[in-house]
Engineer: 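Take this structure first; my questions come after.
Lettering of chains follows the sequences in order, A, B, ..., and the numbering in each one begins at 1. Here the structure is a predicted model, which means the values were calculated and not measured.
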Protein chains: 2
Amino acid sequence: MSLPRAKLVKNFPGCPVEATLTYLDGKWKGVILFHLMEGTLRFNELRRKLPAVTQRMLTKQLRELEESGLVSRTVYPVVPPRVEYAMTPLGMTLKPVIQALAAWGDDYVFCSPEGRELRLASDGLRAPVAALKA
Amino acid sequence: MSLPRAKLVKNFPGCPVEATLTYLDGKWKGVILFHLMEGTLRFNELRRKLPAVTQRMLTKQLRELEESGLVSRTVYPVVPPRVEYAMTPLGMTLKPVIQALAAWGDDYVFCSPEGRELRLASDGLRAPVAALKA
DNA sequence: GTACGTAGTACCCAAAAGGATACTGTAAAA
DNA sequence: TTTTACAGTATCCTTTTGGGTACTACGTAC
């Protein structure tokens, strides 16, 4: 439809940040995009990369990503079935975003040794504070 | 506790991307951070910037951001009450992330003229495709 | 003396998100 | 002949998230 690229986003009940987060929202979308950035994957390949996800959830998240146009789904009519998931060109434009998210996570988020709990580098952000000046 | 900055994140049931998203997750956190990046705001100032948020939700989201250590809350014991919210140094490290999210939102997310519905620039990403090669 | 602005809480409810489990059909491998 | 891998669905249930409304206290302005 060749919409004029009017930044109608300004009317969004929030801001461009929220707008983007809308598409990344969902428990597994971040990881999925992260892995697909590296290359096409089959359904069960993805599943193995996300040990904790259930089949149902993986399917759901992939369908949503597909509907957004960020990920493509290609079915090969063979048996056993072969379905490949890949980033679309539009999806690839998210690369800088995913990289920014990953970089921050690497620098500031830790798992407590015991379990699954996350924690921020709140202990004064010793080393990281340098990055602040840069 | 001066944890060695071991990247325990590698054990996270997802990846650094998910880890970061964990902290941005919540219907209003993105917008709040976006606005606080520009400077300290009082509770009702924020509220005016987010016409659609309810008092209860704004409070909740702010408390969560405070608990993460991304935002600080300063109470001035005067009457009427005065409470100021500001980014912490740790919160400020999110700036590149917020900027990346905002940039992508600006470029690729549109509101349909009618209403509140979001849509991606899926019509072939005409202009944006150039950015892909860069 | 009533209303207003400030920064919230408390309580209840609806909707959405996520999870557990079981089931499908085909072909090749064991 | 049973099992395995593949890529899912279907059904049900629990948890989380978000929203609506009413209430608070205090001091000032009208």
Engineer: If you compare all heavy atoms of B/L90 against all heavy atoms of A/Y108, which two are closest, and at what distance to 0.1 Å?
Structural biologist: CD1-CD2, 3.6 Å

Engineer: A/K29 has an atom NZ; how far is it from atom C1' of C/dA16, in whole Å?
Structural biologist: 12 Å

Engineer: Within less than 4.0 Å of OP1 or OP2 of C/dA7, is there a side-chain N or O belonging to B/R56?
Structural biologist: no

Engineer: Please list, chain by chain and in numerical order, all residues satisfying side-chain hydrogen bond (donor to acceptor under 3.5 Å, both in side chains) with B/Q61, sequence neighbours excluded.
Structural biologist: none

Engineer: If you compare every side-chain N and O of A/K27 against the phosphate oxygens of C/dG19 (OP1, OP2), does one of them come in below 4.0 Å?
Structural biologist: yes

Engineer: By nearest heavy atom, map B/L62 and A/V53 onto DNA chain C; which one lands nearer the 5' end?
Structural biologist: B/L62

Engineer: Using heavy-atom distances to pick each residue's nearest nucleotide on DNA chain D, tell me which of B/Q61 and B/V79 is more 5'.
Structural biologist: B/Q61

Engineer: Could you label the plane-to-plane angle of the A/Y23 and B/W104 rings as parallel, tilted or perpendicular, counting under 30° as parallel and over 60° as perpendicular?
Structural biologist: perpendicular

Engineer: If the condition is side-chain contact (heavy atoms from CB on, under 4.5 Å), which residues does A/A102 pass it with, not counting sequence neighbours?
Structural biologist: A/F34, B/P16, B/V17

Engineer: When you measure from the side chain of A/T40 to the backbone of A/A86, do you find a donor-acceptor pair of N or O atoms at a distance under 3.5 Å?
Structural biologist: no

Engineer: Is there side-chain contact between B/L101 and A/L24, with heavy atoms separated by less than 4.5 Å?
Structural biologist: yes

Engineer: At the 4.0 Å heavy-atom cut-off to chain B, mark where contacts on DNA chain D begin and end, going 5' to 3'.
Structural biologist: D/dG18 to D/dG27

Engineer: Find the distance A/Q55:CD to C/dT24:C1' and express it as a whole number of Å.
Structural biologist: 11 Å

Engineer: Whole-Å distance between C/dT6 C1' and B/L46 CG?
Structural biologist: 14 Å

Engineer: In whole angstrom, what separates B/R47's CZ from C/dC4's P?
Structural biologist: 15 Å

Engineer: From OH of B/Y76 over to P of C/dG8, roughly how many Å is that when rounded to an integer?
Structural biologist: 13 Å

Engineer: Counting only side-chain nitrogens and oxygens, does B/R82 get under 4.0 Å of the OP1 or OP2 atom of C/dG8?
Structural biologist: no

Engineer: Given side chains that start at C-beta, do those of A/K27 and A/M57 come closer than 4.5 Å, heavy atoms only?
Structural biologist: no

Engineer: Starting from the 5' end of DNA chain D, give me the residue, A/P81 or A/T59, whose nearest nucleotide shows up first.
Structural biologist: A/P81

Engineer: CG of A/L58 versus P of C/dG19: gap in Å, rounded?
Structural biologist: 12 Å

Engineer: Whole angstrom is fine here: how far is it from NZ in A/K60 over to C1' in C/dG18?
Structural biologist: 7 Å

